[in-house]
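A short worksheet on the structure shown next.
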Amino acid sequence: GTVFQSVTGVATTVLLARNLGPTGFGLLSVVLALVFVVSGLADIGFTASIIRFGSPAIMQGRDIRHLHTVFLLLRVAASATVGVVVAVAGRWLFPSLQLPPQLAWLAGVAAAAGVSMAVGSHFVTILQVARNQRGIALVRSGASALRLLAYSTLALAHGLSFDSALVVALVAIPLEMALA
């Protein structure tokens, strides 16, 4: 599943780069980088902590709902904080962010998607603690194949633009993170 997801990721990147051109692909890459910055910075060890405390509890047959709720709230708070900082101060924090003024709203959209992705990551971690990890990888690889199919369909219909690619990415990536 993980190998298939990597292959579809490469195919998606090539498809987007060829169809969006340097400007559109570069802009989409900046937005996605911000999504991953928000999601990644917001983790601050929560994934490892859930696995560390949740796995033994599951193995002993104990309920982990309380642990799940506490870590979900912590992750939402952390990702929302990072998201607000990125959305409000992104230009000053990341001087290489060369978003044109008319597209400054993309930082806010990316921050919101990053929060969504952090929440999805939390649920994937809970499922990894409680269920079969191989099955999760297969489901997520199927979701990445659907994302590639969406981009391919748009490209064939000559409808793959920066806007349509952004919509697909901001819906599909957090959804992939939450699927399992």
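All of these numbers come straight from a predicted model, not from anything done at the bench.
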Partner residues of L74 under the side chain to side chain contact (heavy atoms under 4.5 Å, CB included) criterion, sequence neighbours left out: F46, V70, F71

Sequence-distant partners of V109, side chain to side chain contact (heavy atoms under 4.5 Å, CB included), two or more places apart: W105, L170

Transitive ILVMFWY side-chain link L146 to L154, under 4.5 Å: no

Residue pairs fulfilling side-chain hydrogen bond (donor to acceptor under 3.5 Å, both in side chains) with at least one residue in residues 70-82, sequence neighbours excluded: D43-R75, T47-R75

Between CG on residue L160 and CG on residue L15, distance to nearest 0.5 Å: 6.0 Å

Set of residues satisfying side chain to side chain contact (heavy atoms under 4.5 Å, CB included) with respect to T12, sequence neighbours excluded: L16, R147, L148, Y151

Contacts of T153 that satisfy side chain to side chain contact (heavy atoms under 4.5 Å, CB included) - sequence neighbours left out: L149

Side chain to side chain, T69 and L73, heavy atoms closer than 4.5 Å: yes

Option passing side chain to side chain contact (heavy atoms under 4.5 Å, CB included) with F25 (candidates T13, V30, N19): T13

Heavy-atom pair of closest approach, residues A165 and L20: CB-CD1, 3.9 Å

Contact summary for A169 and L28, nearest pair of heavy atoms: CB-CD1, 4.4 Å

Any residue meeting side-chain hydrogen bond (donor to acceptor under 3.5 Å, both in side chains) with T8, in chain and number order, not counting sequence neighbours: S144

